[in-house]
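Numbers here simply count residues along the sequence, with the first being 1. In listed order, ligands and their atoms are each counted from 1.
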Amino acid sequence: MAMHHPIIHKPGSFPVPPNIADHEAMRRSFGWEEIERELDWLPGGGLNIAHEAIDRHCAQGRADKPAMLWEGKDGERERYTYDDMRRQTNRFANVLAGLGVAKGERVFTFMERVPEIYFTFFGALKAGCVIGPLFSAFGPDPVRDRLENSGATVLVTQPALRKKIAAILPQLPALKHVIVVNRDGRSKEPLAEGDLDFGELMAAASDELAPLSTTRDDYSVMHYTSGTTGKPKGAVHRHNSVIQQYATGKWCLDLHPDDIYWCTADPGWVTGTSYGMIAPWTNGVTQVVYEGGFSARKWYEIVARYNVTVWYTAPTAVRMLMKSGADLPRSFDLSSLRFVASVGEPLNPEGVVWGQEAFGLPIHDNWWQTETGAILVANYASMDIRPGSMGKPIPGVEVGIIDAEGNELPAGENGILAVRPPWPGMFQAYWNDQERYDSRFQNGWYLTGDEASRDEDGYFWFVGRSDDVINTAGHLVGPFEVESALIEHPAVAEAGVIGKPDPIAMEVVKAFVSLKEGYEATDELRRELMRFAREKLSPAIAPREIEIIDSLPKTRSGKIMRRLLKARELGLPEGDTSTLEED
Ligand code: ATP
Ligand code: MG
């Protein structure tokens with residue numbers, strides 16, 4: 001994509017020296033042994049994510065350091081040190097052992113962002129189980145599909161959520177134990193027959209644990225993908241991923257020991273575990289967890305109250321913050337913020353630059369996906385930003401732009417974004433779908449399903465998902481470029497762009513936009529947007545049609561579902577909508 005915004009130059013010196021001083025130099029000399037040496041490992045050479053994230057800090061003199069500052073949606077506040085985390089996760093590992101749950105069994109959570117989800121996650125990893133978190137807003141069917149597909153034997157949930165899915169539980173023959181977390185006795189109803197009480201099990205379990213016995217190759221975390229392009233796939237990772245999660249927390253989020261870090265993603269999505277659990281705690285920082293949902297005011301309050309220094313969020317959140325204006329952040333003391341990053345969708349240049357206006361800091365976009373386990377392309381603290389670019393590959397991994405035969409394309413050409421396998425965080429399977437897994441590896445590359453280009457200086461530019469790229473009168477158009485142009489108009493809050501079949505042009509570009517408050521959907525505004533887009537983009541790529549709608553269909557993790565816009569436009573079946581966010 002062409003650059004419309006000036007480069008954001010980074011200063012020569014920083015209050016906190018960035019963990020990567022010179023990205024290019026480091027990429028040339030780096031080897032993964034350097035990072036492997038910074039981890040603790042288990043006696044005998046094993047590797048366990050929970051040990052690296054929690055226990056080793058206790059053994060290395062950081063037992064009393066706060067690991068988690070938790071704020072509930074009703075304003076409750078709790079604080080857990082690394083040693084609290086160690087003992088609670090030991091307990092849960094012992095609970096699983098006591099129930100006879102064996103290594104490799106799938107333990108799933110269906111919970112809100114309460115402290116117990118963190119105990120369960122790392123406790124299950126200590127027990128050698130595969131942990132799979134499900135997003136709490138799912139209805140019964142998506143939960144059933146995922147528990148069925150994964151053959152989960154344990155489900156940890158909460159009373160209201162348990163009630164929501166009561167009807168599907170008898171349909172899951174593999175599920176042996178349902179454990180219910182009744183926080184502070186929030187629910188007065190008795191447990192359903194056969195269910196186990198989390199609090200009672202934990203109280204009865206020892207907080208000391210036998211030595212861990214996992215290896216780097218044992219399965220660890222399993223996540224179903226976001227379902228943006230189709231039916232979600234169960235991507236399975238191994239303990240080895242911690243190497244890259246630790247490294248990228250340090251390099252791409254620039255985590256330093258004194259940081260107060262906040263990741264806004266829910267553990268139901270990979271960002272919420274790789275960067276809401278593993279990366280921050282392996283880096284030994286204090287992390288804020290907020291149970292509640294989005295509210296611009298509340299979010300700024302959290303940053304201010306906890307003195308958050310590093311903030312990792314998503315473009316959809318940035319767009320919502322933008323919608324509420326740049327005056328609101330100025331009414332809070334956000335001066336603790338030092339580094340802000342975003343992932344999940346392309347971050348429009350407008351968003352990067354808005355960070356400057358609102359916080360005095362640009363927002364650092366980075367790219368990865370459930371399958372890659374950790375960040376692969378990023379904007380680093382020390383590196384100049386080209387707004388709209390997702391940055392450059394991390395040290396130690398080769399990322400390429402290739403054609404259908406696997407040949408690398410020259411700078412400036414759009415092609416398939418591909419990764420040279422293996423890399424430390426690489427997924428090991430799509431659960432029960434070997435064929436699909438194998439189909440992603442071709443000609444010595446892993447195919448990401450995204451299209452991108454690289455410029456002369458090595459910056460990567462996202463074009464679109466391969467499925468979403470539009471072919472109009474011989475031009476290949478990435479929706480991102482058109483959407484980014486549209487949201488530069490003051491009336492536009494969000495935009496989603498699709499290709500609509502056309503007898504002459506093959507496809508024509510159609511845009512759906514939602515408006516900021518105070519703007520009305522008039523024909524005049526629509527015509528103005530058409531003119532605006534034609535001026536910004538060439539007439540060949542500018543949308544032929546613009547439709548103003550109330551809101552864009554999105555996944556529950558906030559990604560625009562262009563395939564739904566298209567299906568609805570064409571009157572086709574909507575396909576899998578299990579992750580669709582309902583307004
Ligand atoms: P599904 O695979 O089920 O369709 P999904 O691809 O949205 O869902 P995730 O693994 O959560 O599931 O998302 C990864 C994808 O999100 C990437 O492949 C890419 O398309 C998009 N993405 C993530 N970060 C960025 C970014 N910084 N810039 C552009 N796209 C991004
Ligand atoms: Mg995907």
His256 and Asn19: side chain donor to acceptor below 3.5 Å: yes
Side chain, backbone, both or neither: the part of Phe462 lying under 4.0 Å from ligand 1 by heavy atom: side chain
Sub-4.0 Å atoms of ligand 1 with respect to non-hydrogen atoms of Thr370: 9 (P), 10 (O), 11 (O)
Ligand 1 contact on Arg465 by region, counting heavy-atom pairs under 4.0 Å: side chain
Identity and separation of the nearest protein heavy atom to atom 2 (O) of ligand 1: Lys233 NZ, 3.1 Å
Atoms in ligand 1 flagged as close to Asp365, the criterion being non-hydrogen separation under 4.0 Å: 26 (C), 27 (N)
Those atoms of ligand 1 less than 4.0 Å from some heavy atom in Gln369: 10 (O), 14 (C), 17 (C), 18 (O)
Atoms of ligand 1 close to Val343 [distance to a heavy atom under 4.0 angstrom, numbered from 1]: 24 (N)
Distance filter under 4.0 Å to Thr228 heavy atoms, resulting ligand 1 atoms: 1 (P), 3 (O), 4 (O), 5 (P), 7 (O), 8 (O)
Polar atom proximity, Asn366 to ligand 1 (N or O, under 3.5 Å): yes
Nearest-neighbour protein heavy atom for atom 29 (C) of ligand 1, which is reported as residue plus atom name and distance: Pro346 N, 3.2 Å
N or O pair under 3.5 Å between Gly344 and ligand 1: yes
Phe441 and Tyr437 aromatic ring geometry - parallel, tilted or perpendicular at 30°/60° bounds: tilted
Geometric N/O contact Gly227 with ligand 1, under 3.5 angstrom: yes
Ligand-side contact atoms (ligand 1) for residue partner Lys559, heavy atom cut-off under 4.0 Å: 7 (O), 9 (P), 11 (O), 13 (O), 14 (C), 15 (C), 16 (O)
Atom 19 (C) of ligand 1: nearest protein contact (heavy atom, Å): Asp450 OD2, 3.0 Å
Counting only pairs under 3.5 Å, give me each side-chain donor-acceptor contact of residues 388-400, with atom names and distances, residues two or more places apart or in other chains.
residue: Ser389; atom: OG; partner: Gly391; partner atom: N; Å: 2.9
residue: Ser389; atom: OG; partner: Phe460; partner atom: O; Å: 2.7
residue: Lys392; atom: NZ; partner: Glu24; partner atom: OE2; Å: 2.7
residue: Lys392; atom: NZ; partner: Asp457; partner atom: O; Å: 3.0
residue: Glu398; atom: OE1; partner: Arg420; partner atom: NE; Å: 3.3

Trp368 near ligand 1 by a heavy-atom separation under 4.0 Å: yes
Test of proximity, Ser226 against ligand 1: N or O pairs below 3.5 Å: yes
Row check, Phe138 ring normal vs Arg146 NZ/CZ: under 6.0 Å, within 45°: yes
Nearest-neighbour protein heavy atom for atom 26 (C) of ligand 1, which is reported as residue plus atom name and distance: Glu345 O, 3.3 Å
